[in-house]
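Side-chain atoms are counted along with the backbone in the values below, which use heavy atoms only and exclude waters and symmetry mates. Per chain, numbering begins at 1; letters A, B, ... match sequence-line order. Every value quoted in this text rests on a predicted model; they were computed, and no experiment measured them.
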Amino acid sequence: MEELQAFFDAYQTTIGFIGINAILALSVWLTLYTGQLTLGNAAFMGIAAYGSALLTLKAGFPFPLALLCGALLAAAISLPLGATVFRLRGVYLAIATLAFGEVVRVAILAIPITGRGQGLVGIPPKTELWHIFASLLVITYVCARLRISSVGRAWSAIREDEVAAASQGIPVRRYKLAAFVLGALIAGWAGGIAAHFNFAIQPDEYGFARAVQILVFAIVGGIPNVIGPIMGAVVLTALPAVLQPLQEYRDILQGAILVIVIVYAPRGLATLLDVRRAARLRHVGAQDVA
Amino acid sequence: MADQIYNAIFIGSIYALFALGFTLVFSVLDILNLAHPALFTLGAFTALFAMQQGVPAALAVVIAFAVCGGAGVLLDRVAFAPLRRRNAPPLSAMISSIGVSLIVIRLIQLKYGPDLQSYPRGSLPADVMTVAGLQIDTLRTVIIGLAVALMVGLTLLVRRSRLGRELRALAENPRAARLLGIDVDRAIAATFFLSAGLGGIAGALYGFATNSPFSQMGLGFELKAFSVMIVGGMGSIPGAVLGAYLLSFGEVASLTFLPSELRDAFAFGLLFIVLLIRPSGILGQRAVDRV
């Protein structure tokens with residue numbers, strides 16, 4: 001028992017980030033499952049991180065309320081954004097959301113209250129590990145239920161064939177927008193939690209690199225089901241900690257794993273485990289997006 | 001004023017060289033090659049390595065072109081060719097290029113560390129001419145001239161040569177191209193060689209001009225290149241050149257009314273607006289995926 005406690009103390013940060021990254025991976029899973037490649041979730045994370053941190057830091061809001069306000073702010077911004085960018089598809093959609101992310105990063109640099117380039121420091125460390133994992137549990141449950149609901153089937157239909165889905169009377173734009181806004185809300189929640197886990201935040205944390213990282217978690221894990229993105233986040237976040245002794249070669253291994261997974265397990269890690277069901281699951285994966 | 005225009009022409013030339021290689025792969029194979037910034041960085045460091053062995057700068061640029069071109073062909077063999085055989089979508093290729101990029105950058109860091117480097121003293125022309133009150137350094141002028149020559153060369157190659165015709169056929173329809181007897185594998189290898197080689201030259205030249213190559217120097221360039229490609233028209237070579245200079249002039253002009261840390265806002269604001277108003281870009285002709 002004591003050993004377990006020691007383990008938790010030593011790896012608390014890594015364990016926390018595993019959970020946070022899993023939530024982020026689920027946030028992008030929603031749009032990927034709908035067949036849309038969007039890269040705006042890092043920005044939504046940043047918006048909520050700054051929003052909630054400013055609320056606890058400067059306005060003295062209680063932690064849960066600040067988290068909620070931050071996530072809602074991200075969702076509120078995602079709505080008009082989604083309504084505009086979902087006129088585009090494929091790489092154009094990806095690049096438009098990426099550009100939005102950069103605009104957010106630059107906007108944070110421009111607004112004095114955010115501390116600009118220095119970022120915000122001294123954020124009260126309110127996040128406990130159980131907050132992270134309780135959130136992950138709830139979000140996983142919601143995503144899993146949505147996936148097997150009529151909404152999830154509509155998302156699948158859109159991913160498989162947008163025109164066919166529309167001809168079946170599915171309001172395609174509205175369902176895409178729903179996945180996008182829900183993704184922003186979840187990414188925002190993760191952003192708020194991460195900001196209060198970390199003491200300090202900086203605008204550069206929410207840029208291109210983060211957007212790509214979130215995408216990679218989901219794709220490497222696999223998007224046929226909700227376990228995939230979580231697995232991807234767990235493996236790719238734990239790996240650097242496990243590989244600590246090989247620090248110098250860490251990126252090389254991580255890069256090699258990315259290439260190997262994409263080349264040899266294009267449906268993601270999650271489908272490798274379950275060989276029997278893999279054949280059935282094989283119809284969804286990185287294959288089907290963009 | 002004239003100083004700023006000169007500067008805009010210079011940085012626009014680098015953007016253009018970078019974006020040309022990027023756009024070439026996209027137009028022929030529909031791949032967003034996110035390892036391109038890593039090849040750019042590799043170019044700067046290949047030149048550095050060569051010059052530390054006493055090779056003159058001009059030859060070092062040629063070596064950077066050859067080494068990066070070779071690396072580009074290798075990149076295709078390892079990370080893209082297996083996906084192509086399986087008919088995987090562009091997203092897969094993008095992710096695997098991220099993996100390659102991580103590896104290349106780390107290999108550079110293992111050799112040179114994460115810090116700023118500089119080229120051997122005296123290996124780059126340092127003289128400055130004053131023409132009509134304008135300070136012009138030889139190095140940048142040569143770089144601009146070389147960049148423009150490469151742009152013209154690439155345009156002629158794609159428009160006029162046999163290889164160019166093959167590439168255009170491949171871009172249009174790979175299956176039909178193969179049926180017409182085009183050696184598709186060779187054409188793809190040539191695409192990657194040219195693309196990565198140009199990226200490498202861009203990196204070497206940018207490294208020369210700043211004289212501070214470092215392992216993260218490619219960061220930010222891919223985002224600028226997205227902007228350049230979208231504004232000019234995705235997959236269009238003259239579009240990329242036009243977009244590059246529009247962007248560099250816009251950035252320099254925006255500095256007069258925006259603080260310098262907001263320079264990037266111009267690129268992405270422009271990108272965003274063009275995407276919403278005219279997603280095919282200024283010179284783009286291809287139909288854009290729209291719902």
Against chain A, label B:Met229 side chain, backbone, both or neither, depending on which of its atoms sit under 4.5 Å from a heavy atom there. neither
B:Ile103 CD1 to A:Tyr249 OH distance, which is reported to the nearest 0.5 Å: 14.0 Å
Let me confirm one number: the CZ-CG distance from A:Arg87 to B:Leu275, rounded to the nearest 0.5 Å. 10.0 Å
Tell me, side chain or backbone of A:Leu81 under 4.5 Å from chain B's heavy atoms, or both, or neither? side chain
Which atoms of B:Leu83 come close to chain A, meaning under 4.5 Å heavy atom to heavy atom: side chain ones, backbone ones, both, or neither? side chain
Flag if over 12 foreign heavy atoms under 6.0 Å of CZ, B:Phe221: yes
How far apart are the C-alpha atoms of A:Asp251 and B:Ile105, what are their side-chain angles, what is the distance that settles it, and do they pass the side chain to side chain contact (heavy atoms under 4.5 Å, CB included) test? CA-CA 9 Å; A:Asp251 287 359; B:Ile105 298 286; over 6 Å; no
Is any side-chain heavy atom of B:Leu110 closer than 4.5 Å to a side-chain heavy atom of A:Ile252? yes
Between B:Met94 and the options A:Ile219, A:Leu215, A:Val91, the side-chain contact (heavy atoms from CB on, under 4.5 Å) test singles out A:Leu215
Quick check on B:Leu219 against chain A: is it the side chain, the backbone, both or neither that has a heavy atom closer than 4.5 Å? neither
Would you call the rings of A:Phe100 and B:Phe272 parallel, tilted or perpendicular, taking 30° and 60° as the class edges? tilted
Tell me which of these, B:Val274, B:Leu223, B:Val100, has more heavy-atom pairs under 4.5 Å with chain A than the rest. B:Leu223
Out of curiosity, B:Met234 CE to A:Ile95 CD1, how far, rounded to the nearest 0.5 Å? 4.0 Å
Verify the neighbour count for atom CZ of B:Phe49: are there more than 12 heavy atoms of other residues, nucleotides or ligands below 6.0 Å? no
I need the minimum non-hydrogen distance between B:Ser96 and A:Val259, along with the two atoms involved. O-CG2, 3.5 Å
Return yes if some donor-acceptor pair links the side-chain N/O of B:Arg86 with the main-chain N/O of A:Tyr264 below 3.5 Å, else return no. no
In terms of heavy-atom contacts, A:Val263 and B:Ala79 come closest through CG2-O, 4.5 Å
